[in-house]
Amino acid sequence: MSNKVLTKEKWEASPFTKKEKIHTQLYETSFSASTAIAVEIADMIREKQSLDEFCVLGLATGSSPKSVYKELVRLHKEEGLSFENVITFNLDEYYPMDPNALQSYVKFMHEQLFDHIDIKPENIHIPEGTLSKTSVGDFCFSYEEEIDKYGGLDIQILGIGRTGHIGFNEPGSSSQSMTRLVNLDSITRMDAASDFFGEENVPIKAITMGVGTIMKARRIIIMAWGETKAGIVAQAIENSPSDNVPASYLQFHPNTSFILDAAAGSELSRRKIPWTLGVIDWNPELTKRAVIWLCETLTKAYFEIDRSRLQ
Ligand code: GLP
């Protein structure tokens, strides 16, 4: 059984589903994974163009989607992909935040994507970091209404924070939550410290689409690259859904895929302990790992194991 890119149908028929509760595709590199995500988005934009409809995209910030945006820009410049029918809604923004500040998600989105494609400025929506406290509630409500007005999100792309957050829905967020003002987790603020030249400068709040807003998207693609994400990704995919890891709520969504590079997928059972899934292409290295795992699991030394029972 290939360890890598399985369509949903093939994945559903695979032994990986003994542990994995969300469709998961493993790519060798973040580059190949990002290209695949960009192709899916481009296909949706073109399909909607052929029907003379808007394509409504939910967009994310952070380092993960940068490579996807780079490929979309390339498709625009070199292959004529037009974004004229595209409406975008960004997931989140720090609060308060000046849109011209170095760390603003408005600036990020313009630099990474919007300034390089033919999207109409009026079709771009990003939560506003300059609102007064008294107007945030109304804004959040109208953000939801605006998404609904365009018929809902066709595709929502997501990264995952080290806390397991999606958007800025930190542990403790409800699965029904809608766009709102939230407090940031200390780990999230620590992770953003270098962007703000010190943790003390990171805002303590943000405006984010809720888990419930995200779950209304017809298609969700969540991406993660690198070893630092491997642990939280495995929890989101393999553990029971819980508010401790908001990304695990995606298990309830019928059309979500986790797209991972090899390092981000390294803590999944299919990679770490494949023998427990019956997916065994034995080689000396795997045999050694399995024996060590068995000794640890049984808390027995190698010579104490009854090897006649091992088949
Ligand atoms: C921020 C964003 C999230 C993003 C996360 C992970 O917290 N609000 O939407 O998923 O960062 O970022 P990165 O992709 O840099 O790991």
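Whatever order the structure lists ligands and atoms in, that order sets their numbers, starting from 1. Numbering of residues begins at 1 and proceeds along the displayed sequence.
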Does Y105 have a heavy atom less than 4.0 Å from any atom of ligand 1? yes

Going by distance only, is there an N or O of T61 that falls short of 3.5 Å from an N or O of ligand 1? no

Can you see whether Q49 engages N85 through a side-chain donor-acceptor pair at a distance of less than 3.5 angstrom? yes

Return yes when atom NZ of K70 has more than 12 non-hydrogen atoms of other residues, nucleotides or ligands closer than 6.0 Å, and no otherwise. no

Below the 3.5 angstrom mark, is there an N/O of K229, backbone or side chain, next to an N/O of ligand 1? yes

L158, F258: one ILVMFWY side-chain cluster at the under-4.5 Å cut-off? yes

Identify the two heavy atoms, one from P246 and one from P171, that lie closest to each other, and give their separation to 0.1 Å. CG-N, 3.7 Å

Any idea which part of I160 is under 4.0 Å from ligand 1, heavy-atom wise: side chain, backbone, both or neither? backbone

Test item, R162 contacting ligand 1 (heavy atom, 4.0 angstrom): no

Hydrophobic cluster identity match, I273 and L298, side-chain contacts under 4.5 Å: yes

The answer for which part of S64 has a heavy atom under 4.0 Å from ligand 1 is both

Determine whether any heavy atom of H165 lies closer than 4.0 Å to an atom of ligand 1. yes

Contact between ligand 1 and G167 is defined here as a heavy atom of the residue under 4.0 Å from a ligand atom; is it met? yes

Ring center gap for Y94 and F196 short of 6.0 angstrom: yes

